[in-house]
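Below is one structure, written out as structure tokens, with a few remarks after it.
The structure displayed is predicted, hence computed values, not measured ones.
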Amino acid sequence: MKTNIKQTTFFLVILFLIPLVQAQSLAISSLPFQIKGSTVLSDGTLFAVKGYSLLKSTNLGTTWITVASVPFSLGKAFYATSTNNILAVSGQKYAYGKIWLSTNRGVSWLKVYGLGLNETVWNFQEYKGKVYASIYSYESPPLKVHARILISNDFGLTWKVLTTFVGYRHVHEVFVNAYNGWIYAAVGDATPALMRSKDGGITWTNLHSKMLFTSINARGSMVYLGEDVYVYDKTDSTRIWRFNDMGNGIAVLEKVFDYGSRYAGNVFWMKELHGKLVFGTVPALKGWTALIGVSNGDWSAFSIVRQETVSVGWTGFQNPTSSYWPLPLILVKGLATSNVVISV
């Protein structure tokens, strides 16, 4: 089945089309169907989940064909490893989460790990042949489970617990900085923590416990943090912080972006795309504003390129394309009024 890119869409695509030296802003166009998540393989093939169908595109999203049905309802995480294995997670509130694996480009799927009730995976990330998974829980206090990070040493076939953060509810994101191999975890909700490990997850240091974060990225030793403003601060503005991690035991934060208005939502994700950092927000309540933003070339400032008022809480711009491979574009689960593709 082929689909024309000019049809109406409910989803966002972020796409850089010209070299970074020429690109200073983002442009917007469309994707013709509703997706839950997406990833890209080493040859540039895009995969996207639409309902219970897996679609692929070999021409940067211009046309799509159906590959197969998927035996799960996709949750947040969908990821391609360096071996072109595809990982997916199912599981939402009141359900038992599961990690799924395809080793044949999505034609068939194997259930490889069972999560607990109300658990899912926030994100996957690979570094030097190891794949990490952050476990997100909808469990309300008192906690029956604790925040955990899983690790796979065979590109997703088998999993074990790398670390457990006792007394914390869940991990919003696990991020490995390729600059030095240090692992970061944004832990919360009731008790916030920014955890860092310099030894592959054996020992951890709490670098910051005053603010809650939902996304992490880095350029060199400079670490960027997307804030969860709804839980603690109640100003409900969108903010991004950074700190230069020299390996000591505390993060001295510098604010690099503040939307400056209430009701703009949490920074749910930050993705590097052709040398720039792109982010998306998810507001907690209806009537608030979801944002798409992009950095300048050195990530020292950000500007807003898209904003939408949400009609339902905890919706917005989410579930961006995620992969071991550099992203040629980013597909983003968006709003009913989005109908956009973003390109430079």
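The minimum heavy-atom distance between Leu291 and Ala264, with the atom names listed, is CD1-CB, 3.9 Å. Listed here is the closest heavy atom pair of Ala133 and Trp159: CB-CZ3, 3.8 Å. Pairing each heavy atom of Thr214 with each of Glu173, the nearest pair is O-OE1, 3.7 Å. Heavy atoms only, all atoms of each residue included: Gly200 and Ile183 are closest at C-CD1, 3.6 Å. For the pair Leu273 and Pro328, the tightest heavy-atom approach, listed with the atom from each and the gap, is CD1-C, 4.2 Å. Across every non-hydrogen atom of Ser215 and Val267, the tightest pair is OG-O, 2.9 Å.
The backbone N or O of Gly91 sits less than 3.5 Å from a side-chain atom of Thr120, completing a donor-acceptor pair. Between the Trp269 side chain and the Phe317 main chain, a donor and an acceptor come within less than 3.5 Å of each other. Put simply, the side chain of Ser197 gets close to the backbone of Thr203: a donor and an acceptor are under 3.5 Å apart. Remark: side-chain polar atoms of Ser57 are not paired, donor with acceptor, to backbone N or O of Trp64 under 3.5 angstrom. Put simply, the side chain of Gln318 never gets that close to the backbone of Val282: no donor and acceptor are under 3.5 Å apart. Put simply, the side chain of Glu227 never gets that close to the backbone of Arg239: no donor and acceptor are under 3.5 Å apart. Under the 3.5 Å distance criterion, the side-chain polar atoms of Asn118 are matched with a main-chain donor or acceptor of Tyr94. Proximity of a side-chain donor or acceptor of Lys36 to a complementary backbone N or O of Ser73 within less than 3.5 Å is not detected. Proximity of a side-chain donor or acceptor of Thr289 to a complementary backbone N or O of Gln307 within less than 3.5 Å is not detected. In this structure, Ser237 contributes its side chain and Gly260 its backbone to a donor-acceptor pair below 3.5 Å.
When the options Asn244, Asn180, Asn177 are evaluated for a side chain to side chain donor-acceptor pair (under 3.5 Å) with Ser221, the one that passes is Asn244. Arg105 pairs in a side chain to side chain donor-acceptor pair (under 3.5 Å) with only one of the listed residues (Asp43, Asn85, Asn84), which is Asp43.
Through direct or indirect side-chain contacts shorter than 4.5 Å among Ile, Leu, Val, Met, Phe, Trp and Tyr, Leu117 is connected to Tyr96. Using a 4.5 Å cut-off between side-chain heavy atoms of Ile, Leu, Val, Met, Phe, Trp and Tyr, Val166 forms no hydrophobic cluster with any other residue.
Residue pairs meeting the ring-ring contact (aromatic ring centres under 6.0 Å, His included) criterion with at least one member in residues 175-199, sequence neighbours excluded, do not occur.
Within the 4.5 Å cutoff, the side chain of Lys130 has no heavy atoms near those of the Lys128 side chain. Counting heavy atoms from C-beta outward, Lys160 and Asn153 have side chains that approach closer than 4.5 Å. Between Tyr324 and Thr83, every side-chain heavy-atom pair lies at or beyond the 4.5 Å cut-off. Tyr259 is not listed as a side-chain neighbour of Thr281, based on a closest heavy-atom distance of 4.5 Å or more. Between Ser322 and Asn123 there is no side-chain heavy-atom pair separated by less than 4.5 Å. Contact check for Ile135 versus Val121: side-chain heavy atoms found under the 4.5 Å cut-off. Val171 has its side chain out of reach of Met195: every pair of non-hydrogen atoms, C-beta onward, lies at least 4.5 Å apart.
Aromatic ring pairs are classed by plane angle as parallel below 30°, tilted from 30° to 60° and perpendicular above 60°; the pair Phe268 and Trp122 is tilted. Using cut-offs of 30° and 60° on the angle between ring planes, the pair Phe72 and Trp109 is perpendicular.
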Trace of the side chain to side chain contact (heavy atoms under 4.5 Å, CB included) decision for Val187 with Trp204: CA-CA 12 Å; Val187 183; Trp204 293 84; over 6 Å; no

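A ring-centre distance under 6.0 Å is found for Phe213 and His208. Aromatic rings of Phe279 and Tyr224 (six-membered ring for Trp) have centroids beyond the 6.0 Å cut-off, not under it.
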